[in-house]
Structure formats: structure tokens, C-alpha cells
Amino acid sequence: DWKWIGVRGVPIMGTTMSCFYYRRTLYASIPVASRSRCVVLDEDVSRHVQSDAPFYVALADEREILVFIATDQAGTFSVRINPPLVPEATEESVTLAAGAARLIKLKRT
């Protein structure tokens, strides 16, 4: 039973788009039309995140950073968030059930 969907770096209309749908909200790096609540963040900052999860994406704007971790199979996955998103690299383990996801929210400093 899927509770999320996501894409990263999809070429579209002369730019790229990264987005994910989670808990009835669409989070996207560019404006999109949606019947669901939509949150647009300015930039895909996934290049500053490392994870062994099957899917991850990080989006940010001037106020916050969202790191989305998701999987199709149950497991424990490591997530490393690197500068400049955080002052010092941080790493944590995330345990997810099959088809589950987790959204990590960080305030910009």
C-alpha cells in the first residue's frame, strides 16, 4: 500500500523538477498544478544529502530544508546531511516499513 511517490531531476520545459507527494501534500521544486495542497521550494539540494534508501530527495527555500526518505522494501537506512545545509555533517538511521516514508524538516540558519 503506497503512501508516497517521488521523482528527482526530471527535465521539463527547459529546467528540471524534483517533487514528492506525501501525506496529501505535493512538495515541488517548481510551481505545478495540483488538486492537493502544494508547497513549492526554490531548490533541489539533494546533492548535499547521501542515503542508502531506495529514494530520497531534499528541497529547500530560504526558511527550511525538507529531506524526504522513502522505500519500497522494509529496512533501516542511513541518511547523511552535509554542509551547507547544516553547520556540520549529521547522520541518522531511519527505519521504515515496506512502502513507507519519512519527512525530515530542518530550519535554515
Side-chain angles (χ1 to χ4, degrees):
D1 189 26
W2 288 85
K3 296 174 177 55
W4 65 272
I5 189 166
V7 296
R8 193 169 77 197
V10 176
I12 182 169
M13 297 172 21
T15 189
T16 58
M17 177 182 73
S18 295
C19 66
F20 61 93
Y21 182 80
Y22 179 66
R23 293 191 175 172
R24 297 184 182 178
T25 301
L26 178 64
Y27 300 87
S29 60
I30 62 173
V32 295
S34 174
R35 288 188 205 168
S36 297
R37 178 174 178 254
C38 189
V39 175
V40 178
L41 294 106
D42 300 329
E43 183 182 7
D44 180 337
V45 292
S46 300
R47 65 189 175 280
H48 301 297
V49 176
Q50 297 167 308
S51 180
D52 57 356
F55 181 79
Y56 68 94
V57 63
L59 301 176
D61 63 14
E62 68 280 351
R63 296 166 306 161
E64 67 182 341
I65 301 157
L66 303 180
V67 180
F68 182 69
I69 310 298
T71 185
D72 58 339
Q73 297 181 12
T76 299
F77 307 99
S78 67
V79 180
R80 181 180 173 96
I81 304 170
N82 298 304
L85 301 183
V86 291
E88 294 184 23
T90 60
E91 190 164 339
E92 66 178 275
S93 291
V94 176
T95 301
L96 298 172
R102 179 170 169 204
L103 181 59
I104 301 168
K105 295 182 178 186
L106 305 169
K107 292 285 183 195
R108 281 272 200 195
T109 54

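Looking only at distances, a side-chain donor or acceptor of S51 sits under 3.5 Å from a matching main-chain atom of S78.
Residue V40 shares its hydrophobic cluster (ILVMFWY side chains chained together at separations under 4.5 Å) with no other residue.
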Quiz: residues 58-70 side-chain donor-acceptor pairs under 3.5 angstrom, not counting sequence neighbours:
from, atom 1, to, atom 2, distance (Å)
D61, OD1, R63, N, 2.9
D61, OD1, E64, N, 2.9
D61, OD2, R63, NH2, 3.0

Going by atom type alone, with no hydrogens or angles, which donor-acceptor pairs under 3.5 Å involve a side-chain atom of residues 9-20 and a protein atom two or more places apart or on another chain?
from, atom 1, to, atom 2, distance (Å)
S18, OG, G9, N, 2.9
S18, OG, D44, OD2, 2.4

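Here T95 pairs with T76 under the side chain to side chain contact (heavy atoms under 4.5 Å, CB included) rule; sequence neighbours left out. Every residue was checked against the side chain to side chain contact (heavy atoms under 4.5 Å, CB included) condition with R35, not counting sequence neighbours, and none meets it. Contacts of Y21 classified as side chain to side chain donor-acceptor pair (under 3.5 Å), with partners at least two apart in sequence or in another chain: S36.
Cluster annotation: L41 is not connected to V32 through the hydrophobic network of ILVMFWY side chains, with a link wherever side-chain heavy atoms come within less than 4.5 Å. In the hydrophobic clustering of this structure, V49 groups with V94; members are Ile, Leu, Val, Met, Phe, Trp, Tyr whose side-chain heavy atoms approach within less than 4.5 Å, directly or through other members. Connection of I30 to V39 is not established within any shared hydrophobic cluster, with ILVMFWY side chains joined at heavy-atom distances below 4.5 Å, either directly or through further cluster members. Two different hydrophobic clusters hold V7 and Y27 under the rule that ILVMFWY side chains link at heavy-atom gaps under 4.5 Å. Under the 4.5 Å side-chain heavy-atom criterion for grouping Ile, Leu, Val, Met, Phe, Trp and Tyr, I5 is not connected to L96 through any hydrophobic cluster.
The shortest heavy-atom contact between P54 and F77 is CD-CE2, 3.7 Å.
Pairs passing the ring-ring contact (aromatic ring centres under 6.0 Å, His included) check and including a residue from residues 82-109, sequence neighbours excluded, do not occur. Judged as a salt bridge (Lys or Arg N to Asp or Glu O under 4.0 Å), not a single pair has a partner in residues 12-24 (not counting sequence neighbours). The list of salt bridge (Lys or Arg N to Asp or Glu O under 4.0 Å) pairs with a residue in residues 66-80, not counting sequence neighbours, reads R80-E91. Every pair passing ring-ring contact (aromatic ring centres under 6.0 Å, His included) that includes a residue from residues 46-66 is listed here, sequence neighbours excluded: W4-F55. Sorted pairs that involve residues 6-16 and meet salt bridge (Lys or Arg N to Asp or Glu O under 4.0 Å), not counting sequence neighbours, are lacking altogether. Annotation: side chain to side chain donor-acceptor pair (under 3.5 Å) contacts involving residues 99-108, sequence neighbours excluded, comprise E92-R102.
Of the residues listed (N82, V79, I81), the one engaging Q50 in a side chain to side chain contact (heavy atoms under 4.5 Å, CB included) is N82, and it is the only one.
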